[in-house]
Amino acid sequence: MHHGAGAYICGEETALLESLEAKRASRGSNRRSQPMSASTGCPTTVNNVESIAVVPDILRRGAHWFASIGRPNNTGTKLFCISGHVEKPCTVEDAMGVPLHELLDRHCGGVRGGWDNLLAVIPGGSSMPMIRRTSASICSWISTAAGNSNPHSGRPP
């Protein structure tokens with residue numbers, strides 16, 4: 001395990017690998033797959049903690065259980081870190097494809113001052129395009145990609 005320098009860009013896999021190899025971290029490098037070893041000569045694999053954390057539940061309850069959560073072609077759960085002008089900012093795990101209204105009302109107590117105060121949503125990192133309130137009905141990989149934004153910190157889906 002390697003402790004990073006805390007650069008925001010290193011949340012993206014290829015940038016993290018570049019950083020581990022003592023190179024300048026930049027997202028979307030020409031790297032197409034993970035190397036067998038980094039500059040240390042040791043095996044190198046980058047895994048998403050969010051994905052690994054759900055493995056025990058999937059093994060205990062079965063893949064069909066996990067696939068039954070969410071929407072077709074967009075199944076499972078996702079961690080949503082909700083901040084900004086909501087009553088109670090928080091990080092929650094909910095189904096993929098959960099309607100934004102439902103997500104914010106159930107977990108955050110809604111938008112501060114009411115839904116008319118919501119102008120736009122950024123469904124990932126600050127390098128992403130915003131989704132206007134009129135388009136922000138569903139938080140899902142599919143809908144955000146179709147809405148010219150995606151939750152992968154600006155990386156194309």
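In this structure, the side-chain hydrogen bond (donor to acceptor under 3.5 Å, both in side chains) partners of E102, at least two apart in sequence or on a different chain, are R106. Residues satisfying the salt bridge (charged side-chain N to carboxylate O under 4.0 Å, His left out) criterion with R112, sequence neighbours excluded, are absent altogether. Contacts of N117 classified as side-chain hydrogen bond (donor to acceptor under 3.5 Å, both in side chains), with partners at least two apart in sequence or in another chain: none.
Considering every non-hydrogen atom in both E50 and T77, the closest pair reads OE2-O, 4.5 Å. Minimum interatomic distance between G113 and E87 (heavy atoms only, all atoms of both residues): N-OE2, 4.0 Å. Of all heavy-atom pairs spanning T75 and F66, the tightest one is CB-O, 4.4 Å. The two atoms that bring G110 and D105 nearest to each other are CA-OD1, 3.4 Å, heavy atoms only. For the residue pair G97 and N74, the shortest heavy atom distance occurs at N-ND2, 4.0 Å. When all heavy atoms of A120 and L118 are compared, the pair lying nearest together is O-CD1, 3.6 Å.
Put simply, CG on L103 and NZ on K78 are 12.0 Å apart, with the number rounded to the nearest 0.5 Å. Interatomic distance, OG of S68 versus CZ of R61, reported as 10.0 Å (0.5 Å rounding).
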Exercise for the section: Could you check L79 against V92 for side chain to side chain contact (heavy atoms under 4.5 Å, CB included), going step by step and ending with a plain yes or no? Expected result: CA-CA 6 Å; L79 289 177; V92 296; over 6 Å; no

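Taking 4.5 Å as the limit, every side-chain heavy atom of V111 sits out of range of all side-chain heavy atoms of D116. The side-chain heavy atoms of I82 and P89, taken from C-beta on, include no pair separated by under 4.5 Å. When side chains are defined from C-beta on, T91 does not count as touching F80, because their heavy atoms never get closer than 4.5 Å.
With hydrophobic clusters built from ILVMFWY side chains whose heavy atoms lie under 4.5 angstrom apart, V54 does not share a cluster with M96.
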